[in-house]
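As the structure lists them, so they are numbered: ligands from 1, and atoms in each ligand from 1. Scope of the values below: all heavy atoms of this structure, side chains included, with no hydrogens, waters or symmetry mates.
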Amino acid sequence: MSTKLAPIEAAKRLAAYSAVDHHVHEQHRVIGIGSGSTVPYVVERIVAQGEDVNRNRVFIPTGFQSKNLIVDAGLVLGDIEQFPEIDVTIDGADEVDDHLNCIKGGGGCQYREKVLAEAAKTFILVADYRKKSPALGTTWSHGVPLEIVPFGYARCLRSITALGATRAPLRMAGAAKAGPVVSDNGNFIVDAVFPDARMHQPAELLRDLKALTGVVEVGLFCGVAKAAYFGNEDGSVTIRHTDGREEEVAAHEGDAH
Ligand SMILES: O=C(CO)[C@H](O)[C@H](O)COP(=O)(O)O
């Protein structure tokens, strides 16, 4: 029997379980594990597939958090340099639009997340219903997370503003540490807020941001995901496909809800 969770947690678990059931098959040997608070449920469901199947697999993390998840679950840890081709990567998202463009990087891991998304034959998003949106910038108002090189950051912030950002602050660490958040790659994170007109053309905005000196990666993922799984409050899961088609599946008896 599954543990009773708060509604949002239950929705995350539903999405994660359903995505694993649909996309992590026995023959898959190299699996990418994303970051955030939904991904632990992905790992939980993969572990439930059993030791026999998992001992023949290797798991590639998107950062410090997912590395620990893999190790703590007793799964085999691998490195993207050893396994530059991944069968399937499952990751969370901060907002997903009708075409499966998404904002990622709420946890500051967008560079490694994008590497693992692009390395995967199949890249799947998992989230609760709050992340589902018609257009980027609608439900996620914190801006586009960017990873930038510390050297010359003030110059880089000006360039971001010149592209139309209304705000582009460095993400600060808060009470736990004085100063900026530093990514797993030793870089700074910027949360750049753009007007709707720019957010509604995410591929164009991504291209313009990537062209700036100092920008390592942009938390806009366009045309990468194959499907997005959203856990709903009523215990169902909405699966959104690249062509905008949506289907609803009920949670299985005794599953995540
Ligand atoms: O992109 C990410 C981290 O960089 C996360 O996947 C994203 O923030 C979603 O996290 P959560 O599952 O906690 O909502």
Side-chain angles (χ1 to χ4, degrees), residues 5-20 31-46 59-70 80 88-97 100-120 123-133 136-148 170-171 173-174 180-192 202 206 215-222 224-225 227-233 237-238 240 256:
L5 296 175
I8 293 293
E9 286 305 306
K12 291 178 188 184
R13 186 166 68 177
L14 277 168
Y17 279 20
S18 186
V20 170
I31 298 169
I33 301 293
S35 322
S37 58
T38 313
V39 163
Y41 301 117
V42 170
V43 173
E44 195 173 278
R45 193 61 159 182
I46 288 173
F59 294 84
I60 318 294
T62 50
F64 185 87
Q65 178 221 359
S66 47
K67 184 175 174 178
N68 282 344
L69 278 175
I70 293 166
I80 186 69
V88 55
T89 293
I90 303 187
D91 202 348
D94 298 305
E95 185 176 17
V96 186
D97 78 6
L100 299 191
N101 298 310
C102 67
I103 296 178
K104 288 187 50 55
C109 305
Q110 62 269 28
Y111 171 67
R112 295 190 188 196
E113 289 173 340
K114 198 170 277 187
V115 172
L116 266 68
E118 291 180 350
F123 175 55
I124 302 295
L125 297 167
V126 287
D128 63 75
Y129 54 89
R130 298 171 303 174
K131 312 297 184 67
K132 196 168 142 193
S133 156
L136 298 185
T138 311
T139 59
W140 179 260
S141 56
H142 307 290
V144 178
L146 309 173
E147 177 159 345
I148 69 166
L170 282 184
R171 193 180 293 177
V181 168
V182 176
S183 77
D184 286 346
N185 311 305
N187 293 315
F188 290 165
I189 304 293
V190 176
D191 293 297
L206 168 61
V215 171
V216 174
E217 196 46 79
V218 179
L220 288 169
F221 288 48
C222 301
V224 200
Y229 285 67
F230 302 98
N232 297 317
E233 282 172 297
V237 175
T238 302
R240 192 178 265 185

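A cation-pi contact, defined as under 6.0 Å to the ring centre and within 45° of the axis, is absent between Lys131 and Phe230.
The protein residues lying under 4.0 angstrom from ligand 1, judged by non-hydrogen atoms, are Ser35, Gly36, Ser37, Thr38, Asp91, Gly92, Ala93, Asp94, Lys104, Gly105, Gly106, Gly107, Gly108, Cys109, Glu113, Lys131.
Counting heavy atoms from C-beta outward, Glu147 and Ile189 have side chains that approach closer than 4.5 Å. Side-chain atoms of Val39 and Asp91, non-hydrogen and from C-beta on, do get closer than 4.5 Å to each other.
Evaluation of the side-chain hydrogen bond (donor to acceptor under 3.5 Å, both in side chains) rule for Thr38 yields no partner, not counting sequence neighbours. Tyr229 meets the ring-ring contact (aromatic ring centres under 6.0 Å, His included) test with His22, His23; sequence neighbours excluded. For Tyr129, there are no ring-ring contact (aromatic ring centres under 6.0 Å, His included) partners two or more places apart in sequence or in a different chain.
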